[in-house]
Amino acid sequence: MQNPYENAMMQLDRAVEVQAFPEAFLAQIAVPNRELRISIPVKMDNGETKVFEGYRVEHNNARGPYKGGIRYHYDTDINEVKALAFWMALKCAVANIPMGGGKGGVTVDPKTLSKTELEKLSRGWVRGLADVLGPRKDVPAPDVNTTPEIMSWMTDEFALITGDKTMATFTGKPLDKGGSEGRGIATGLGGFYVFDVLRKKYNVPDGAKVVIQGFGNVGGNAAEVFAKNGYKIIAMSDSKGGVVKDDGIDVKALEDWKKANGTLAGFPGSRTVTNMELLELECDVLIPAALENQITVDNATKIKAKFILELANGPITTEADEILFAKNIPVVPDILANSGGVTVSTFEWEQNLKGEHWSEADVFAKLKEILDRESMVIYEKSIAAKTDIRRAAFIVALERIAKAMGY
Ligand code: NAD
């Protein structure tokens with residue numbers, strides 16, 4: 001599998017071929033300000049102590065405190081976290097929110113842990129990193145396999161260690177523990193707002209057929225929002241595989257099916273596909289919403305979608321990007337498409353610092369205003385620079401970060 005950090009650096013090289021930046025700035029933005037690895041000992045339910053490896057990478061804070069989620073996954077390693085931290089720095093600049101970029105993780109399969117073990121691991125991550133975290137320094141959030149409940153344990157542990165009761169050090173918390181209205185759905189909904197601006201530029205029709213890879217926070221919420229807005233979700237998948245239903249999936253019914261059966265397979269009226277087959281289905285819009293490196297040189301030529309919205313981080317390798325670009329398939333890059341999550345996380349941080357609680361309608365209106373505006377900025381940059389949307393988004397982000405760094 002391709003090293004995601006190498007992929008991120010190839011994306012950077014491609015963007016700066018289109019627009020030059022000062023060498024000294026590029027040398028700084030290509031490397032994280034700081035990367036931390038910690039060991040987290042956890043006393044397991046059987047009495048044995050297991051040691052897990054945890055990470056925090058603080059990429060760049062020129063525009064504000066480091067911001068970025070924490071991933072729990074057995075494949076997570078320092079290179080993945082470094083790539084994700086770099087993308088976060090660009091993403092916050094794309095959304096024009098006052099945050100820098102960071103990311104965290106633990107190499108663990110959380111499905112093998114009991115709830116007590118998961119809580120001990122999460123509190124251990126905070127104990128290992130409390131010195132570098134804080135509302136004005138570094139503000140983590142959920143990512144793959146981390147939940148609002150995990151954020152509330154982390155917030156509590158941070159308050160116990162530091163006495164900081166603002167709750168603004170972690171976002172994505174439960175509503176009754178300092179969370180923001182709308183945070184759960186923010187990445188999927190924000191993805192829809194971005195899509196709705198750009199699809200008109202690329203003639204994606206109303207009611208188009210949509211395929212979604214991933215059925216977690218992002219994929220599940222995106223499916224609901226797209227369906228509610230009249231789009232036909234014809235296929236969805238989770239880590240075990242996918243289902244296709246040409247006349248459209250009732251997303252709520254599929255959710256209930258998964259809850260009852262533990263799998264999407266067997267959903268009434270559907271046929272089963274592998275995750276790789278799902279990506280190659282005939283459709284108008286393909287939404288990768290699971291993990292990185294899903295569309296590579298091996299399958300890019302077989303992609304039949306007419307438009308791709310990257311809600312996962314890094315789902316397309318750079319070589320595959322070149323192929324899709326040559327095939328005239330527009331790709332809305334992760335750093336724009338999924339920036340709704342960090343935008344509402346920033347709203348949560350702001351509410352915590354001010355002691356406010358905004359209504360859901362206010363949150364969605366503010367989110368839409370930001371994403372509508374920044375989607376247009378990036379689209380116009382792509383036209384002016386005669387390049388694809390990813391390179392345009394990189395250029396806009398790099399310009400903003402460079403300015404904040406005094407270049
Ligand atoms: P999640 O843990 O809630 O869900 C992940 C989903 O992907 C699950 O349905 C899982 O079964 C599925 N999956 C895992 N491996 C897969 C595979 N090989 N093929 C197909 N499906 C697979 O995670 P999430 O929060 O929904 O995050 C998904 C992606 O979106 C990640 O790339 C994450 O970094 C990105 N993202 C998340 C947020 C957020 O607010 N949660 C914000 C921005 C970006």
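Ligands are counted one by one from 1 in listed order, and the atoms in each one are counted from 1 as well. Numbers for residues simply follow the sequence, beginning at 1. This structure is a prediction, so every number in the text was calculated from the model and none was measured.
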- [ ] Evaluate the ring pair (Phe, Tyr, Trp, His ring centres under 6.0 Å) criterion for residues Phe195 and Phe307: first the C-alpha distance (whole Å), next the side-chain angles of each, then the deciding distance (0.1 Å), finally the verdict.
- [x] CA-CA 10 Å; Phe195 167 78; Phe307 187 94; 5.7 Å; yes
Open item on the list: Counting neighbours of NZ on Lys228 that are heavy atoms of other residues, nucleotides or ligands and sit closer than 6.0 Å, is the number greater than 12?
Closed with: no
Any nitrogen or oxygen of [X], main chain or side chain, under 3.5 Å from a nitrogen or oxygen of ligand 1?
| X | result |
| --- | --- |
| Asn217 | yes |
| Val218 | yes |
| Gly219 | no |
| Arg71 | yes |
| Ala290 | yes |
| Asp143 | yes |
| Pro142 | no |

Open item on the list: Under a 3.5 Å threshold, yes or no: a donor from one side chain and an acceptor from the other, between Tyr193 and Ser375?
Closed with: no
Open item on the list: Out of all atoms in ligand 1, which are within 4.0 Å of some heavy atom of Ala289? Include the element for each.
Closed with: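 Heavy-atom distances to Ala289 below 4.0 Å select 28 (C), 29 (C).
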Task: Residue Leu311 vicinity, atoms of ligand 1 by number, heavy atom under 4.0 Å - done: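 What qualifies from ligand 1 is 30 (O), 35 (C), 44 (C).
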Under-4.0 Å heavy-atom contact with ligand 1, by part of [X] that carries it:
| X | value |
| --- | --- |
| Asn338 | both |
| Asn145 | both |
| Asp334 | neither |
| Lys240 | neither |

Open item on the list: For the residue pair Arg123 and Phe158, would you count it as a cation-pi contact if the rule is NZ or CZ under 6.0 angstrom from the ring centre and within 45 degrees of the ring axis?
Closed with: no
Task: Quiz item: cation-pi between Lys366 and Trp358, 6.0 Å / 45° - done: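 The answer is yes; both the distance and angle limits are met.
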TODO: From the options Val285, Asp284, Asp246, select the one residue that forms a side chain to side chain contact (heavy atoms under 4.5 Å, CB included) with Lys209.
DONE: Asp284
Open item on the list: Going by side chain to side chain contact (heavy atoms under 4.5 Å, CB included), Ile316 matches just one of Asp334, Val331, Thr296, Ile303. Which one?
Closed with: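 With Ile316 as partner, side chain to side chain contact (heavy atoms under 4.5 Å, CB included) holds for just one option, Val331.
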Options [options], ranked by nearest heavy atom to [atom], top entry:
| atom | options | answer |
| --- | --- | --- |
| atom 19 (N) of ligand 1 | Asn275, Asn313, Ile185, Val344 | Asn275 |
| atom 18 (N) of ligand 1 | Glu310, Arg183, Gln294, Glu292 | Gln294 |
| atom 8 (C) of ligand 1 | Ser345, Gly69, Gly216 | Gly216 |

- [ ] May I ask you to identify the nearest protein heavy atom to atom 12 (C) of ligand 1, giving residue, atom name and distance to one decimal place in Å?
- [x] Ser239 N, 3.8 Å
Open item on the list: Holding to salt bridge (Lys or Arg N to Asp or Glu O under 4.0 Å), I want the full list of residues that pass it with Glu6, two or more places apart in sequence or in another chain.
Closed with: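 Per chain and number, Glu6 pairs via salt bridge (Lys or Arg N to Asp or Glu O under 4.0 Å) with no residue.
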